[in-house]
Amino acid sequence: MKKLNMLYEGKAKKIFATDNPDHVIQEFKDDATAFDATKRGTIRGKSVVNNKISVRLFELLESKGVETHFIKLLSDTEMLVKKLAIVPVEVTIRNIVAGGMSKLLGIEEGLVLKAPVLEYHFKNDALHDPLINDYHIAALDIATKAELDIIQNRSFEINNILKHFFSERRLDLVDFKLEFGRHKGKILLGDEISPDTCRFWEQGTGRKMDKDRFRRDLGRIEETYEEMLNIVLNNK
Ligand code: TMP
Ligand code: ASP
């Protein structure tokens, strides 16, 4: 397998072509951004942490029958994945109120929701990833009703699997973001699952173990990412 030209550079990852048109390499960066890239910085070692955490979680999900784009780990910062046509919607699942939901509805962070909340955000930084619903998605032909059913069901299933995984490690999975894409007629989970895309609160102390340490200047950012990698790789 050969690594060819760069196809795309995002805020936290680069995508490279390979000699197989159906496969691409996803390479993680140490760059960190927040608030639609108005805040920028570097989290040393984040690329390795996010790559390895994502690999572990994709393997976990695959073992439970959730189809993802993951094929194999290539190096500390790279994984081989199936090439997706990304559905331009960020799917957010929330178990506890924090961040955007707290701001949107004026509810204090920390309220445990009676049931998980699923949100769709249209992927567009210039518009601040606006909240949209199923009707926008169908009416604008962003995804079909059948695709959206799959995305929704899978997102809740992923929530159950991850909530259990993290609670065994004494962490509350507060919320997280997923992206899905099309590959050979199938909807697969794509992107990454990492402290950049999830909120984790340590049980008992409420200590924040995710990118909120960078967003909110809480300090011990690199150390916390390293700690999360050890927690995830530690088998229960
Ligand atoms: P929010 O509360 O800011 O909407 O974030 C909800 C979850 O989604 C949180 O775990 C962080 C993650 N997230 C991303 O992965 N990318 C983003 O651009 C944003 C805004 C949030
Ligand atoms: N990564 C996103 C951005 O830079 C936001 C975030 O994760 O808070 O826009």
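Every number for a ligand or one of its atoms is a count from 1 in the order of the listing.
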Check ligand 2 against [X] and write out every atom of the ligand that is under 4.0 Å from a heavy-atom position of the residue.
X: Lys211; result: 1 (N), 6 (C), 7 (O)
X: Arg215; result: 6 (C), 7 (O), 8 (O)
X: Ala37; result: 3 (C), 4 (O), 9 (O)

Non-hydrogen atom of Lys103 closer than 4.0 Å to ligand 1 = no
Suppose I only count heavy atoms of [X] and a 4.0 Å limit; which atoms of ligand 1 are within that range?
X: Thr92; result: 6 (C)
X: Asp196; result: 15 (O)
X: Gly99; result: 2 (O)
X: Phe176; result: 10 (O)

ask   = Between Lys184 and Asp22, is the closest basic N to carboxylate O distance under 4.0 Å?
value = yes
task = Taking only Lys NZ, Arg NE, NH1 and NH2, and the carboxylate oxygens of Asp or Glu, determine whether Asp196 and Lys13 approach each other closer than 4.0 Å.
result = no
Starting from [atom], what is the nearest protein heavy atom, named by residue and atom, and what distance separates them?
atom: atom 16 (N) of ligand 1; result: Lys177 CE, 3.7 Å
atom: atom 19 (C) of ligand 1; result: Glu90 OE1, 4.6 Å
atom: atom 4 (O) of ligand 1; result: Arg94 NH2, 2.8 Å
atom: atom 5 (O) of ligand 1; result: Arg199 NH1, 3.5 Å
atom: atom 2 (O) of ligand 1; result: Gly100 N, 2.7 Å

query = Considering only heavy atoms, does Arg215 approach ligand 1 within less than 4.0 Å through its side chain, its backbone, both, or neither?
reply = side chain
Under 3.5 Å: donor-acceptor pair, side chain of Arg182, backbone of Ile187 = no
request  = Output the distance between atom OG (Ser75) and atom CD1 (Ile25), rounded to the nearest 0.5 Å.
outcome  = 8.5 Å
ask   = For the side-chain contact (heavy atoms from CB on, under 4.5 Å) test, which of Asn230, Asp76, Leu229, Thr77 pairs with Val49?
value = Leu229
key: Within-cut-off N or O pair, Asp175 and ligand 1, under 3.5 Å   = yes
key: Closer than 4.0 Å: a protein non-hydrogen atom to atom 7 (C) of ligand 1   = yes
